[in-house]
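Everything on this sheet refers to the single structure shown next.
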Amino acid sequence: MVSQIRSYQQWEAIDATPEDFRLDAGAYGLTLHAAVWGTATLQRYILFGAAGPFLITVTPPFAADGYVEIHLPAGQYRLTLAGVTDLTGAIELLAPGDR
């Protein structure tokens with residue numbers, strides 16, 4: 001798990017789920033483009049008692065190039081890919097939020 005909190009994450013020509021990343025709280029823009037689409041889903045880790053961390057879905061799965069604006073709490077995230085080839089994209093802070 002990554003510990004550095006930041007307000008931007010970029011992916012360049014990836015074919016598999018990248019490393020997890022942390023984001024500050026705020027409004028974000030997520031832009032994704034791929035040569036071949038399966039699905040790409042933004043997920044967030046949450047803690048639930050003794051069960052430990054698990055992933056919840058933050059965005060509906062992308063199945064085509066697109067952009068979405070979302071409000072996120074500070075935390076650890078994952079962009080889960082399935083059947084995607086040559087994905088390029090970024091999630092970037094549009095406006096800071098409360099922690």
Side-chain angles (χ1 to χ4, degrees):
M1 292 190 172
V2 178
S3 62
Q4 178 185 9
I5 294 180
R6 56 185 162 181
S7 59
Y8 183 83
Q9 176 68 41
Q10 182 175 352
W11 305 279
E12 187 84 25
I14 61 174
D15 297 330
T17 297
E19 290 185 23
D20 299 338
F21 55 96
R22 294 188 63 80
L23 294 173
D24 289 323
Y28 283 83
L30 173 62
T31 305
L32 298 176
H33 164 76
V36 176
W37 275 99
T39 60
T41 307
L42 183 64
Q43 296 178 300
R44 178 178 180 237
Y45 282 95
I46 63 168
L47 294 175
F48 189 72
F54 65 96
L55 290 164
I56 60 166
T57 299
V58 176
T59 62
F62 278 71
D65 295 350
Y67 173 83
V68 65
E69 290 183 12
I70 46 180
H71 292 270
L72 300 174
Q76 186 159 325
Y77 292 86
R78 170 181 286 179
L79 183 68
T80 301
L81 304 183
V84 175
T85 302
D86 199 24
L87 180 123
T88 298
I91 186 166
E92 53 195 324
L93 184 66
L94 303 174
D98 296 330
R99 290 190 184 256

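Ring-plane geometry between Trp11 and Phe21 is classed as perpendicular, the angle between the planes exceeding 60 degrees on a 0 to 90 degree scale with a lower cut at 30.
With rounding to the nearest 0.5 angstrom, the CZ atom of Arg6 is 8.0 Å from the CG atom of Leu23. Once rounded to the nearest 0.5 Å, the distance linking CZ of Phe62 with CG of Leu32 reads 4.5 Å. Annotation: the span from Glu92 atom CD to Gln9 atom CD amounts to 12.0 Å, rounded to 0.5 Å. With rounding to the nearest 0.5 angstrom, the CD1 atom of Ile91 is 8.5 Å from the OG1 atom of Thr59. In this structure, Tyr67 OH and Leu30 CG are separated by 9.0 Å, a value rounded to the nearest 0.5 Å. Taking OG1 of Thr31 as the reference point, atom CD of Glu69 lies at 9.0 Å (rounded to 0.5 Å).
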**Request:** Check the pair Tyr28 / Val68 against side chain to side chain contact (heavy atoms under 4.5 Å, CB included), numbers first and verdict last.
**Result:** CA-CA 8 Å; Tyr28 283 83; Val68 65; over 6 Å; no

**Leu87 vs Leu79, side chain to side chain contact (heavy atoms under 4.5 Å, CB included): CA-CA, chis, key distance, verdict** = CA-CA 11 Å; Leu87 180 123; Leu79 183 68; 4.0 Å; yes

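With contacts defined as side-chain heavy-atom distances shorter than 4.5 Å, the pair Arg44/Pro73 qualifies. Two residues are said to be in side-chain contact when any heavy atoms from C-beta on lie closer than 4.5 Å; Ile46 and Phe54 meet this criterion.
Of all heavy-atom pairs between Val58 and Gln43, the closest is CG2-C, 3.9 Å. When every heavy atom of Val84 is checked against every heavy atom of Gly38, the shortest pair comes out as CG2-N, 3.7 Å. Summarising the geometry of Tyr8 relative to Gln10, their closest heavy-atom pair is OH-OE1, 3.1 Å, with the distance given to 0.1 Å. The heavy-atom pair separating Tyr45 from Pro53 by the smallest distance is CD2-CB, 4.1 Å.
Between the side chain of Thr85 and the main chain of Val36, no donor-acceptor pair closer than 3.5 Å is present. No donor-acceptor pair under 3.5 Å is formed between the side chain of Asp86 and the backbone N or O of Ala34. A distance-only check finds no donor-acceptor pair linking the side chain of Thr39 to the backbone of Ala63 [under 3.5 Å]. Using a distance-only test at 3.5 Å, with no hydrogens or angles considered, a donor-acceptor pair links the side chain of Thr88 to the main chain of Ala13.
If you chain together hydrophobic residues whose side chains sit under 4.5 Å apart, Ile70 and Leu93 fall into the same group.
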